[in-house]
Amino acid sequence: ADPLEVLARLQEAGAERVGLADTVGYADPRQERELFERAFEIAGDKLTCGHFHDTRGLGLANVFAAWETGVRRFDACTGGIGGCPHAPGASGNVATEDVAYLFASMGQPTGLDFDRLMALRGRVAQWLQGEALHGAGVGLQQVDLVEPEGDGRPVEPEVVGDPGQPPGGGTGTQRQV
């Protein structure tokens with residue numbers, strides 16, 4: 001189905017928020033920029049999130065393309081883990097560490113502590129020995145591009161469960177801003 005037709009139907013049905021995803025990681029930045037520009041024409045500020053996989057190595061470029069159109073929230077995953085059952089061989093989500101570094105390098109605050117993300121990545125590598133991690137740096141997270149609140153210190157990812165053990169039933173971290 002055409003994602004823009006689905007988006008229009010969701011708007012007609014009263015959706016409060018919608019996001020767009022390249023869950024197989026085959027799109028390129030031009031395609032994503034054009035899609036998000038058209039999607040904003042349909043959904044306006046109800047379009048709140050982008051979700052990208054890095055199968056062809058363009059996930060981070062696609063995050064940037066969506067950001068240029070006005071998206072300020074992105075799903076990301078520590079270590080770039082994940083995949084898509086509909087695309088055998090597809091790599092995982094864009095790595096949270098890469099997204100955080102991209103926006104920090106552009107002076108865009110995320111509230112994430114990069115050093116702690118990298119430390120978490122190391123723990124995830126231990127938990128998932130033998131599994132491939134992707135990106136520069138595991139748990140599905142959303143990276144919100146907002147100013148940190150309160151005292152200005154970065155918000156840190158919260159590790160769920162015993163830090164010495166892999167989390168059960170989930171992907172390992174949660175992030176709220």
Side-chain angles (χ1 to χ4, degrees), residues 1-112 114 117 132-147 155 157 170-177:
D2 177 351
L4 294 174
E5 288 179 23
V6 173
L7 184 61
R9 288 186 191 147
L10 289 169
Q11 296 307 295
E12 291 169 8
E16 294 179 16
R17 286 181 286 176
V18 293
L20 292 175
D22 176 13
T23 58
V24 293
Y26 292 170
D28 63 54
R30 180 192 51 80
Q31 291 170 314
E32 293 297 349
R33 184 176 296 107
E34 290 173 3
L35 177 65
F36 275 86
E37 286 171 349
R38 292 177 59 206
F40 270 114
E41 291 172 10
I42 295 168
D45 64 0
K46 291 181 180 180
L47 177 58
T48 62
C49 188
H51 177 101
F52 303 99
H53 285 238
D54 203 31
T55 305
R56 294 187 174 159
L58 294 174
L60 199 58
N62 290 339
V63 166
F64 182 72
W67 179 79
E68 287 185 309
T69 70
V71 177
R72 293 299 182 265
R73 174 176 282 206
F74 300 93
D75 292 333
C77 198
T78 307
I81 64 170
C84 179
H86 308 295
S91 68
N93 299 285
V94 291
T96 304
E97 308 88 311
D98 290 348
V99 175
Y101 186 83
L102 169 71
F103 289 113
S105 73
M106 298 184 333
Q108 298 295 316
T110 63
L112 293 170
F114 186 76
L117 281 174
L133 299 185
H134 303 281
V138 179
L140 187 61
Q141 301 175 345
Q142 288 194 329
V143 177
D144 292 328
L145 301 180
V146 297
E147 294 290 335
V155 178
T171 54
T173 60
Q174 295 178 343
R175 165 100 180 20
Q176 303 255 343
V177 175

Looking only at heavy atoms, what is the nearest atom pair of G79 and E97, with distance?
N-OE2, 3.0 Å
V24 backbone acceptor or donor facing T55 side chain under 3.5 Å
yes
Is the backbone N or O of Q31 less than 3.5 Å from a side-chain atom of E34, with the two atoms forming a donor-acceptor pair by type?
no
Rounded to the nearest 0.5 Å, how far apart are CD of E37 and CD of E68?
9.0 Å
For Y101, look at atom OH and say whether over 12 heavy atoms of other residues, nucleotides or ligands are found less than 6.0 Å away.
no
Using the side-chain contact (heavy atoms from CB on, under 4.5 Å) criterion, which residues pair with P29? Sequence neighbours excluded.
L58, A61, N62, A65
Has the side chain of R73 got a donor or acceptor atom that lies under 3.5 Å from a matching backbone atom of G50?
no
Take L60 and F64, measure what side chain to side chain contact (heavy atoms under 4.5 Å, CB included) needs, and give me the verdict at the end.
CA-CA 6 Å; L60 199 58; F64 182 72; over 6 Å; no
With under 30° as parallel and over 60° as perpendicular, where do the rings of F52 and F74 fit, or are they tilted in between?
tilted
Just verifying a value: how many Å separate F40 CZ and L35 CG, rounded to the nearest 0.5 Å?
10.5 Å
Measure the CG-CG distance between L10 and L47 for me, rounded to the nearest 0.5 Å.
11.5 Å
Taking all atoms of both residues into account, what is the closest heavy-atom pair of A8 and I42, and its distance?
CA-CG2, 3.9 Å
Atom of V99, atom of A76 and distance for their closest heavy-atom approach
CG2-CB, 4.3 Å
Work out which heavy atom in H134 is nearest to a heavy atom in G80; give both atom names and the distance.
CD2-O, 3.4 Å
D2 meets the side-chain contact (heavy atoms from CB on, under 4.5 Å) criterion, sequence neighbours left out, with L4, E5
Donor-acceptor pairs under 3.5 angstrom involving side-chain atoms of residues 13-22: please list them, not counting sequence neighbours.
residue	atom	partner	partner atom	Å
D22	OD1	G25	N	3.0
D22	OD1	Y26	N	3.3
D22	OD2	Y26	N	3.3
D22	OD2	A27	N	2.9

Test your reading of the model: is there a side-chain donor-acceptor pair from D75 to the backbone of H51, 3.5 Å cut-off?
no
Do you know which two heavy atoms are closest between N93 and G82, and how far apart they sit?
ND2-CA, 3.9 Å
Quick check: closest heavy atoms across A39 and L7, and the distance to 0.1 Å?
CB-CD2, 3.5 Å
